[in-house]
Enquirer: 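Dumping the structure here so I can ask a few things about it.
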Amino acid sequence: MIDLKILREDPERVRLSQQVRGESVEIVDQLLALDEARRTAITTFEALRAEQNLLSKSVGAAKGDEKTALLASAKELSAKVKVADSARAEAEVAANAALLLIHNLISPEAPVGSEADFVVLEHFGTPRDFGIKGLEGFEAKDHVELGKILKAIDTERGAKVSGSRSYYLTGVGALLEFALVNYAISSATKAGFIPVIPPVLVNPPAMEGTGFLGQAAENVYHLEEDDYYLVGTSEVPLAAYHMDEVIEGLPLRYAGYSTCFRREAGTYGKDTRGIIRVHQFDKVEMFIFCEPKDALAEHQKLLQWEKDFLNAMEIPYRVIDVASGDLGASAIRKFDIEAWIPTQNAYREVTSTSNCTEFQARRLNIRYRDGDTTKPVATLNGTLVAIPRMIVAILENHQQSDGSVVVPAALRPFLGVDRLLPA
RNA sequence: GGUGGCGUGUCUGAGUGGCCUAAAGAGCACGUCUCGAAAGCGUGUGUUGGGGAGACUCAACCGUGGGUUCAAAUCCCACCGCCACCGCCA
């Protein structure tokens, strides 16, 4: 949630942010009115309550007729307090509900527009020249085909057992996951991250606090019988880790390894082949709690760690600055890294890093000590490696004409081989 | 899954309807003493929200949510969590 003080003092800034995001602008003025009503209701209630507290005390001290008289007026006052209290509660619920609808105040540096209006910040590496007439002299196979040749990916049996968008990683496919995870965790640990294996089954407060129920609710698996959610990213349990705490020792950097579950509602027909878009995958996610003044710098660091990973995998990629309409509720700015996928002749998102400033921390009530007060921390997240898409990128970019795949040097110590051979 | 016990501030822990403005101790901070420190002594010591330029003031918070009452940490109900034992189990 945003800072109510900013809303009161500079509502125009909030309206503008909502507008470039393509979100409701009217809600801003509704919230202003609801906030005013809320404060009035609080004042009314508290005045009555203070009166009641005094009166109650005198009832305790009084005796006889005096007590009877006091009791009568106390009873009357009690009824008034009850009414004022429920009016206050209603006003607070309404104001809070409206407050939760407003998205984080966008960075003025984020490009304005919808999904297609991203800005390319930089390119790294050069895509190989596949095709008979190209430098490589052979047509690139896609990861599904390579996965079959290597006996690394089995989407057919995945579909048999778990439906569409499911898969088995087998043999070198499974080993590749372990190697990627081990490489990711070991480099994150060297960079000062605390490795974490979080729960992937979380309760409603954790889910709501992270802002996933409003924005992306349709993509979240909900276990109705137990009222638990399956997380779509370990960002959720990592953010909620310090829920309702005043934390010390900032910045705190965590690298969470977990399975991620996504319903992928509304993506019919998109990426139906292969393992680019799946319901379940494993991911190493970086998550940072820091003082708000350090958030910008931490965001750049996250981006750098993500680039380091892609560089180590020797995969061509570009960095994009995601446009205002495609940011998600919590982020003020977001950078995606898109890896080159030869058979799609396109760059595809493999990692993403967001600066959420204090937005999530306010909802989750995570603070730090600043002098003699407490203030909400800033939170940031970034993908270190999302396994299936990284496997796709590695297989397709490092394939050879015989269907074998050269293993990037950084991964060799973790995989034990230089090359994946047809099985 | 069953039975029993427990949930109070940074911690330990008292408090079974009004004297709770939550005792006491520990911790922490500051002061005093000291060459310096410890011990001792003194003072202070939560969070959130409303009002106020501010000193300040008012309200809420004793696991969570309801209820009873003029008045609830205290009584009632539900839920959650923790501990112990039994059963089952990777």
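Computed from a prediction, not measured in an experiment: that's the story for all the values here. Values below: all heavy atoms of this structure, side chains included; hydrogens, waters and symmetry mates excluded.
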Enquirer: Checking all strands, does A:K80 fall into the base, sugar-phosphate, or nothing category for heavy-atom contacts under 4.0 angstrom?
Expert: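 Since no nucleic acid heavy atom lies under 4.0 Å of A:K80, the category is nothing.
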
Enquirer: Distance alone, cut at 3.5 Å: any donor-acceptor contact between the side chains of A:R277 and A:T272?
Expert: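 Absent: no donor and acceptor within the cut-off.
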
Enquirer: If I pick the C1' atom on B:rG87 and the same atom on B:rU8, what distance separates them, to the nearest angstrom?
Expert: 34 Å

Enquirer: Taking only residues two or more places apart in sequence or in another chain, which ones pass side-chain contact (heavy atoms from CB on, under 4.5 Å) with A:P376?
Expert: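 Checked A:P376 against side-chain contact (heavy atoms from CB on, under 4.5 Å); matches are A:E358, A:A361, A:R362.
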
Enquirer: Could you tell me how far B:rC6 sits from B:rA14 if I compare only their P atoms? Round to whole Å.
Expert: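 Looking at atom P only, B:rA14 and B:rC6 are 12 Å apart.
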
Enquirer: So does A:E156 pair up with A:K148, basic N to acidic O under 4.0 Å?
Expert: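 Salt bridge between A:E156 and A:K148, a charged N being under 4.0 Å from a carboxylate O: yes.
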
Enquirer: So, OP1 or OP2 of B:rU21: does either fall under 4.0 Å of a side-chain N or O from A:N53?
Expert: no

Enquirer: Return the value, rounded to whole Å, for the distance between atom CZ of A:F45 and atom P of B:rC61.
Expert: 8 Å

Enquirer: Phosphate oxygens OP1/OP2 of B:rC70: is one of them under 4.0 Å from a side-chain N or O of A:S73?
Expert: no

Enquirer: C1' atom, B:rU43 versus B:rC33: distance in rounded Å?
Expert: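 Roughly 15 Å separates the two C1' atoms.
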
Enquirer: Quantified in whole Å, what is the C1' atom distance between nucleotide B:rG52 and nucleotide B:rA59?
Expert: 15 Å

Enquirer: Aromatic contact between A:H103 and A:F359, with the criterion being ring centroids under 6.0 Å apart: yes or no?
Expert: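 No, they do not, as the ring centres are separated by 6.0 Å or more.
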
Enquirer: Indicate yes or no: does A:E46 engage A:R88 in a salt bridge with an N to O separation below 4.0 Å.
Expert: no

Enquirer: Any ion pair linking A:R15 and A:E12 (charged N to carboxylate O, less than 4.0 Å)?
Expert: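 The answer is yes: the pair qualifies as a salt bridge.
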
Enquirer: How would RNA chain B look in dot-bracket form, 5' to 3', counting Watson-Crick and G-U wobble pairs with both distances under 3.5 Å and writing | for bases paired to another strand?
Expert: ((((((((.[[[..)..(.....]]]((((((.......))))))((((((....)))))).[[[[[..)....]]]]])))))))....

Enquirer: Between B:rG18 and B:rA71, how far apart are the two P atoms, rounded to whole Å?
Expert: 14 Å

Enquirer: May I ask you to say whether A:K5 pairs ionically with A:E9, meaning some side-chain N is under 4.0 Å from a carboxylate O?
Expert: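 No, this pair does not count.
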
Enquirer: Quick one: does A:V196's side chain get under 4.5 Å of A:L238's, heavy atoms only?
Expert: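 Result yes, sub-4.5 Å side-chain heavy-atom pair found.
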
Enquirer: Is A:K293 paired with A:E291 through a side-chain N to carboxylate O contact shorter than 4.0 Å?
Expert: yes

Enquirer: Considering only the C1' atoms, how many Å lie between B:rU16 and B:rC62, rounded to the nearest integer?
Expert: 14 Å

Enquirer: From CG of A:L77 over to P of B:rU69, roughly how many Å is that when rounded to an integer?
Expert: 15 Å

Enquirer: In whole Å, measure the gap between the P atoms of B:rA73 and B:rG66 for me.
Expert: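 Straight-line distance between the two P atoms is 15 Å.
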
Enquirer: I need the CG-P distance between A:N203 and B:rC80, as an integer number of Å.
Expert: 12 Å

Enquirer: Rounded to the Å, how far apart are A:K57 NZ and B:rA72 C1'?
Expert: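 Rounding to the nearest Å, NZ of A:K57 and C1' of B:rA72 are 14 Å apart.
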
Enquirer: Are A:K82 and B:rU68 close enough that a side-chain N or O sits under 4.0 Å from OP1 or OP2?
Expert: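 Yes, A:K82 has a side-chain N/O under 4.0 Å of OP1/OP2 on B:rU68.
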
Enquirer: In whole Å, what is the span from the CD atom of A:Q52 to the P atom of B:rA60?
Expert: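 Result: 9 Å.
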
Enquirer: Figure out the CG/C1' separation between A:D85 and B:rC58, and round it to whole Å.
Expert: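 The answer, rounded to whole Å, is 15 Å.
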
Enquirer: In whole angstrom, what separates A:L71's CG from B:rG17's P?
Expert: 18 Å

Enquirer: Hey, are A:R348 and A:D271 close enough for a salt bridge, meaning a charged N less than 4.0 Å from a carboxylate O?
Expert: yes

Enquirer: Quick check on RNA chain B: between A:Y228 and A:K75, whose nearest nucleotide comes earlier from the 5' end?
Expert: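 It is A:K75 whose nearest nucleotide is closer to the 5' end.
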
Enquirer: One character per nucleotide, please: for nucleotides 47-55 of chain B, 5' to 3', B when the base has a protein heavy atom closer than 4.0 Å, S when only the sugar-phosphate does, - otherwise.
Expert: SSBSS----

Enquirer: Using the P atom as the reference point in each nucleotide, state the distance between B:rC11 and B:rG63 in Å, no decimals.
Expert: 13 Å

